[in-house]
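Right, one structure below, let's go through it.
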Amino acid sequence: MSGRTVLSDEGPKPPENKVQAPDIQAPDRPRRAFYGRQAGRPLRPGARALLETLLPRIAIELPLPGTTLDIGALFGAANAAQERPVWLEIGFGAGEHLAWQAERQRGAGLIGAEIFIQGMARMLRRVEDAGLQNVRLYRGDARDLLAALPLAALSRVFILFPDPWPKKRHHKRRIVGRDTLDCLAGAMRDGAELRLATDDMDYAAWMLACLTAHPAFECLARSPTDWRTRPDDWPPTRYEAKALAQGRRPIYLSFTRRPRAA
Ligand SMILES: C[S@@+](CC[C@H](N)C(=O)[O-])C[C@H]1O[C@@H](n2cnc3c(N)ncnc32)[C@H](O)[C@@H]1O
């Protein structure tokens, strides 16, 4: 029986030993092409339990089309006056950076967006183990979340080791591009920081070109040493470790959102 879809009065049920990847297409929104992996091997029971019990408590639901996410409500009463800075990590992978920041920045609200269900399960484990109360997670295409963010809501954004899509014909799949930067320019506060990292030098040049061409962002690096050195308040991630082990030296970029014209 296991491994086959089971039909019952409630309709089709997923096979016992597998978790079906929920449809990541956000309802009533323009259909986007997504090319990365959404799910890998079957999840262990502990991971499934976290997805079924913890994720619904801290998951971000997109608002109705045409409206924006209520960031104040997202983090509850502690954020009633919207005093809590809100940080976003796009594509947090296994969540080591997001959890590290959440543990040290208890006064900030941390939003993580990730589409890969195994990554989401690992992050949930970190949230539970460290008792993190200041994390909210969006499982789906981060671009849908970005489109729903209100103006000037974010104080810091991280895009660390995004998929490089090295083939030229795949460059349009890269998450760093004009559309994403336009959304971030709207969603970030004046003076907010955008941090990016990559171990792919072609993508590094692409990031620099996209960001320096965008009127809303200003590069914070003053010399090559700045982008060769990971700041102390920026922990290593799994992909960084992989790159270093394979002899690739990552680039760390920081930009600020320029003040809006008065
Ligand atoms: C190369 S991994 C890097 C993971 C992590 N940031 C790190 O440094 O270890 C890129 C991650 O971004 C996620 N991702 C790619 N496109 C995404 C999207 N549009 N929305 C949400 N997550 C995305 C992938 O599922 C993957 O986990």
Side-chain angles (χ1 to χ4, degrees), residues 21-26 29-41 43 47 51 55 59-60 62 69 87-102 110-126 135-149 154 156-167 170-184 187 194-204 206-207 230-231 233-246 248-254:
D23 184 2
I24 56 114
Q25 175 63 39
R29 283 178 168 79
R31 186 159 280 277
R32 295 180 196 278
F34 181 79
Y35 299 96
R37 278 198 314 168
Q38 294 173 45
R41 290 195 202 136
L43 291 158
L51 285 159
L55 183 57
I60 296 178
L62 292 183
L69 196 64
W87 296 7
L88 166 69
E89 182 166 348
I90 295 173
F92 57 72
E96 48 285 270
H97 173 272
L98 185 62
W100 190 96
Q101 296 291 3
L110 277 287
I111 297 178
E114 175 55 60
I115 203 158
F116 188 53
I117 201 158
Q118 273 77 6
M120 185 59 74
R122 283 173 170 228
M123 180 61 200
L124 289 168
R125 169 64 58 215
R126 295 179 199 278
V135 172
R136 301 292 179 269
L137 301 176
Y138 178 67
R139 200 234 153 191
D141 190 328
R143 294 170 298 175
D144 290 325
L145 177 68
L146 287 179
L149 289 173
L154 304 175
R156 202 172 274 200
V157 178
F158 309 93
I159 310 179
L160 309 183
F161 300 91
D163 298 311
W165 296 109
K167 291 182 183 156
H170 292 156
H171 284 179
K172 56 183 176 295
R173 299 179 183 179
R174 289 174 167 175
I175 189 87
V176 178
R178 184 70 194 210
D179 289 351
T180 297
L181 295 181
D182 284 347
C183 285
L184 288 176
L194 170 61
R195 291 183 170 185
L196 308 112
T198 183
D199 60 322
D200 181 299
M201 291 312 111
D202 181 65
Y203 203 0
W206 167 285
M207 287 174 175
R230 177 164 44 71
D233 62 349
W234 179 338
T237 67
R238 218 162 145 214
Y239 272 80
E240 185 198 84
K242 206 166 136 185
L244 290 169
Q246 292 172 2
R248 291 187 304 280
R249 206 171 157 197
I251 295 285
Y252 310 93
L253 298 172
S254 294

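For ligands, and for the atoms within them, numbers begin at 1 and follow the listed sequence. These figures come from a predicted structure and were not determined experimentally.
L43 and A121 make their closest contact through CD2-CB, 4.2 Å (heavy atoms, listed as atom of the first residue, atom of the second, distance). Contact between I115 and R139 at its shortest, heavy atoms only, is O-NH2, 2.6 Å.
When side chains are defined from C-beta on, R126 counts as touching E96, because their heavy atoms get closer than 4.5 Å.
Residue-level contacts of ligand 1 at the 4.0 Å heavy-atom threshold are F34, G91, F92, G93, E114, I115, F116, G140, D141, A142, L160, F161, D163, I175, T237, R238, Y239.
For R238, the CZ atom sits in a loose shell: 12 or fewer heavy atoms of surrounding residues, nucleotides or ligands are nearer than 6.0 Å.
Taking CZ of R122 as the reference point, atom CZ of F92 lies at 11.5 Å (rounded to 0.5 Å).
A cation-pi arrangement is absent between R174 and W165 under the rule of less than 6.0 angstrom and at most 45 degrees off the ring axis.
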